[in-house]
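These notes are about the structure you will find just below.
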Amino acid sequence: SSWWSHVEMGPPDPILGVTEAFKRDTNSKKMNLGVGAYRDDNGKPYVLNCVRKAEAMIASKKMDKEYLPIGGLADFTRASAELALGENSEAFKSGRYVTVQGISGTGSLRIGANFLQRFFKSSRDVYLPKPSWGNHTPIFRDAGLQLQAYRYYDPKTCSLDFSGAMDDISKIPEKSIILLHACAHNPTGVDPRQEQWKELAAMVKKRNLLVYFDMAYQGFASGDINRDAWAVRYFIEQGINVVLSQSYAKNMGLYGERAGAFTVICSDAEEAKRVESQLKILIRPMYSNPPLNGARIASIILNTPDLRKEWLVEVKGMADRIISMRTQLVSNLKKEGSSHNWQHITDQIGMFCFTGLKPEQVERLTKEFSIYMTKDGRISVAGVTSGNVGYLAHAIHQVTK
Amino acid sequence: LAAYRTDEGQPWVLPVVKKVEQMIANDNSLNHEYLPILGLPEFRANASRIALGDDSPAIKENRIGSVQSLGGTGALRIGAEFLRRWYNGNNNTATPVYISAPSWENHNSVFVDAGFKDIRTYHYWDAAKRGLDLKGLLDDMEKAPEFSIFILHACAHNPTGTDPTPDQWKQIAAVMKRRFLFPFFDSAYQGFASGSLDKDAWAVRYFVSEGFELFCAQSFSKNFGLYNERVGNLTVVGKDADNVQRVLSQMEKIVRTTWSNPPSQGARIVATTLSSPQLFAEWYDNVKTMADRVLLMRSELRSRLESLGTPGTWNHITEQIGMFSFTGLNPKQVEYMIKEKHIYLMASGRINMCGLTTKNLDYVAKSIHEAVTKIQ
């Protein structure tokens with residue numbers, strides 16, 4: 001007999017399931033719109049030129065492979081903080097922050113979740129927007145926290161339910177934790193406008209909530225790194241000491257290299273040092289110290305003026321292609337003769353789009369047209385190309401007319 | 001943190017690693033896409049094959065699983081998190097976890113943070129005789145509650161450098177089998193310890209041959225010199241494929257909320273090396289270079305101490321194995337070494353053999369001689 005007889009089979013990952021089914025499909029017109037990774041206009045993975053250049057620099061330098069400090073590569077964490085907060089940020093200049101390297105977005109979120117579980121004694125509750133990235137819930141749960149929700153997405157309009165969000169947030173018990181997507185909300189693509197962010201900031205301040213920003217798409221959303229970080233920076237300027245997780249998976253295409261960071265904005269530099277020491281105590285029994293490769297590539301790019309410039313152009317290029325695909329999808333739907341309002345497709349931002357398609361319609365898209373997406377009607381716009389946007393529009397029209 | 005040093009006292013990037021990294025850098029077909037949650041398939045299979053042996057019955061019977069992890073630490077943590085959720089009931093945080101006295105200090109934190117509430121030590125180092133306290137160890141195992149988890153160092157025990165002999169491992173396995181104790185191996189030095197992959201994996205493979213279900217947390221930090229790329233693997237050996245499959249599906253869930261999917265660079269280097277007979281041979285050679293240098297430093301240090309007539313016995317220096325050695329120096333003697341001789345060792349008397357070079361051997365030997373003769 002086995003120790004593991006009672007171990008249940010874990011449920012299959014819903015998104016992976018989409019990709020598995022896609023791979024098995026023999027239809028030449030098939031489209032994988034479940035993929036959470038950027039694709040170029042040929043549907044291929046895109047390695048940024050600035051990344052290749054940084055890699056060439058690394059290869060030529062013949063560096064050693066010694067362990068990184070527990071908190072990660074210092075040049076990387078400093079550059080990461082500056083990227084998020086802005087070089088003119090008072091919080092950044094005064095040093096009243098700590099940034100540790102994390103294993104991309106997930107790892108950074110988890111470090112933060114573990115830190116809050118251990119040190120944020122006011123509450124066990126984390127409020128997520130409805131809906132949120134599927135992995136948020138198990139991350140916070142595994143860290144020992146409880147999940148609650150606030151209204152966010154309005155399925156009737158395929159846009160932000162701002163009054164619902166404000167109403168719910170006004171009722172969140174003081175000193176709870178609230179998670180906000182800094183930009184390019186995943187999975188809906190629906191972001192608050194700046195005036196709405198201002199009201200949200202005032203409300204969370206009034207409720208004395210601990211704000212946890214998840215920023216996985218800085219630069220990738222609008223094409224402008226400052227614009228995408230606006231909410232984070234505004235909150236901090238309003239005196240809200242946020243915690244923040246960053247990912248370089250999408251905006252630098254470093255997916256499998258796992259480059260990310262977790263930041264805590266503190267009262268002062270001394271507090272930051274104490275917080276840092278506790279973060280290290282959390283990290284060491286997880287994986288001792290972080291992997292170098294991705295962080296070093298990101299660091300070289302951020303800290304080398306020419307490469308940084310090149311990166312800004314390339315990340316704008318990716319964002320622009322996505323925006324262009326949104327535009328083309330809507331115009332193609334009009335051409336097909338669809339009478340529905342598809343404005344939300346261009347109003348939404350970032351990699352993902354909540355089409356508003358219902359499960360039965362999604363199923364028809366898959367069965368009749370070999371177009372794969374998650375059941376909630378979410379598509380990855382990154383999987384759309386100028387070569388297949390017409391086909392996609394045609395298919396969507398067929399299942400919605 | 002402990003890392004290998006050359007005879008010039010420098011870090012050493014293995015020649016085979018440099019070669020493979022260049023191959024990877026030149027391969028424009030490669031990209032940075034996400035790895036699967038459990039890691040790079042070629043890495044996982046090869047890594048487990050290295051631990052269990054090419055002819056492992058467990059591999060033939062398709063009852064092994066692998067989880068690419070962030071270093072040995074990451075592998076330990078995933079294993080610990082899984083055990084806390086699924087071993088000896090559901091979410092049984094009361095299952096005793098036994099860690100050797102002494103052990104790598106992070107072992108304790110890994111299991112505490114994974115949620116275990118009852119962490120105990122088992123007798124291991126006998127300071128008086130400067131060797132393994134086998135009697136104490138076996139005694140602890142006899143008295144341990146059934147189903148307790150035991151963290152075993154596969155080879156090159158950290159920090160003592162003292163390993164059970166094959167015969168002693170057999171005794172350990174017999175008790176563990178009879179008392180239903182769970183073996184969780186920590187294998188951070190395979191190849192690096194003796195220069196032989198097979199020899200350094202003997203204990204793990206013996207337990208497999210005895211029919212145990214076990215975990216083995218592997219690190220490729222030392223034997224590949226890939227410290228900062230965080231290359232590790234958790235090998236799972238189960239009764240049959242079905243059990244292993246279910247275990248892996250649950251480990252996937254744990255990985256997903258910890259790091260989602262593992263880093264790609266280090267795994268690629270190891271996978272490429274292990275799956276090419278030519279590169280594998282080069283790697284084996286590089287590993288032997290490191291192991292031989294450490295073995296040489298051990299024998300040179302011992303012979304100098306014996307020539308100097310340093311009081312006490314010094315055979316433990318060559319009988320111990322791996323990166324570390326428990327010299328037997330007491331805290332006062334250690335303080336002398338640090339303050340007067342500027343030789344840095346731990347208060348436990350642990351010395352990092354990689355810090356020894358042909359240039360400093362005489363100085364270190366003389367200093368130990370002084371410490372032992374001057375300070376009691």
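Throughout, a chain's letter reflects where its sequence line sits, starting with A, and its residues are numbered from 1. Computation of the quantities below employed the complete heavy-atom set of this structure, encompassing side-chain atoms and omitting hydrogens, waters and symmetry-equivalent molecules.
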**Study point:** Heavy-atom proximity to chain B below 4.5 Å, by part of A:E55
**Key:** side chain

Practice item. Specify which of B:P36, B:G232, B:G238, B:P262 makes the most heavy-atom pairs with chain A at under 4.5 Å. Key: B:P262

Check your understanding: Relative to chain B, which segment of A:I281 carries a heavy atom at a distance below 4.5 Å: side chain, backbone, both, or neither?
Key -> backbone

**Study point:** Contact leader toward chain A among B:R85, B:K253, B:K239, B:Q22, where contacts are heavy-atom pairs under 4.5 Å
**Key:** B:K239

Review point. Do A:H181 and A:S132 get their side chains close enough for a donor-acceptor pair, meaning under 3.5 Å?
Key: yes

Practice item. Give the ring-plane orientation class for A:F220 versus A:Y217, where under 30° counts as parallel, over 60° as perpendicular and anything between as tilted. Key: tilted

Point to revise | Minimum side-chain heavy-atom gap A:F262-A:I283 below 4.5 Å | key: no

Revision key, fill the gap. Under 4.5 Å to a heavy atom of chain A? For B:F224 that would be neither

Exercise for review: Determine the option with the most heavy-atom pairs under 4.5 angstrom with chain B, choosing from A:V7, A:V51, A:I139.
Suggested key: A:V7

**Study point:** Heavy-atom pair count under 4.5 Å with chain A, highest-scoring of B:N228, B:L35, B:T73
**Key:** B:N228

Revision key, fill the gap. Max heavy-atom pairs within cutoff under 4.5 Å with chain A, candidates B:T258, B:N90, B:D240, B:V13, goes to B:T258

Review point. For A:N135 and B:R256, which heavy atoms make the closest approach, and how far apart are they?
Key: ND2-O, 3.0 Å

Review point. Can you say whether B:L214 sits under 4.5 Å from chain A via the side chain, the backbone, both, or neither, judging by heavy atoms?
Key: neither

**Study point:** Contacting region of B:Q10 [heavy-atom separation from chain A under 4.5 Å]
**Key:** neither

Practice item. Check each atom of A:S1 against the heavy atoms of chain B and say whether the ones under 4.5 Å are side chain, backbone, both or neither. Key: backbone

Check your understanding: Can you say whether A:R141 sits under 4.5 Å from chain B via the side chain, the backbone, both, or neither, judging by heavy atoms?
Key -> neither

**Study point:** Contact class of B:V231 relative to chain A, heavy atoms under 4.5 angstrom
**Key:** neither

Exercise for review: Identify which part of B:N28 has an atom lying under 4.5 Å from any heavy atom of chain A, answering side chain, backbone, both or neither.
Suggested key: both

Exercise for review: Take B:F212 and B:F185 through the test ring-ring contact (aromatic ring centres under 6.0 Å, His included) and record every step on the way to the result.
Suggested key: CA-CA 12 Å; B:F212 281 90; B:F185 279 99; 8.7 Å; no

Revision key, fill the gap. If one checks every heavy atom of A:V47 against chain B at 4.5 Å, the contacting part turns out to be side chain

Practice item. For the residue pair B:F220 and B:F43, categorise the inter-ring angle as parallel (less than 30°), tilted (30 to 60°) or perpendicular (more than 60°). Key: perpendicular

Review point. So what's closer than 4.5 Å to chain A heavy atoms on B:E229: side chain, backbone, both or neither?
Key: both

Point to revise | A:N289 side chain near B:Y227 side chain, heavy-atom distance below 4.5 Å | key: no

Check your understanding: If we ignore angles and hydrogens, is there a donor and acceptor under 3.5 Å between the side chains of B:N261 and A:R258?
Key -> yes

Point to revise | Matching residue for B:R84 among B:V97, B:T95, B:I149, B:N91 - test: side chain to side chain contact (heavy atoms under 4.5 Å, CB included) | key: B:N91

Review point. Where does B:I37 contact chain A at under 4.5 Å (heavy atoms): side chain, backbone, both or neither?
Key: side chain

Review point. What part of A:S2 gets closer than 4.5 Å to chain B, counting heavy atoms only: side chain, backbone, both or neither?
Key: both

Exercise for review: Using distance alone, with no hydrogens and no angle criterion, decide if A:N114 and A:R118 have a side-chain donor and acceptor under 3.5 Å apart.
Suggested key: no

Review point. With no hydrogens and no angle check, do the side chains of A:Q218 and A:N251 hold a donor and an acceptor under 3.5 Å apart?
Key: no

Point to revise | Donor-acceptor pair, side chain of A:S299 and main chain of A:R296, under 3.5 angstrom | key: no

Practice item. Over 60° means perpendicular and under 30° means parallel, so classify the ring planes of B:F184 and B:F182, tilted if in between. Key: perpendicular

Practice item. Go through A:P45, A:G107, A:G294, A:S108 and name the one with the most non-hydrogen pairs under 4.5 angstrom from chain B. Key: A:P45

Study note, to complete from the structure: So, the part of B:F111 with a heavy atom under 4.5 Å from chain A: the answer is neither

Point to revise | A:P290 versus chain B, the contacting section by heavy-atom distance below 4.5 Å | key: backbone

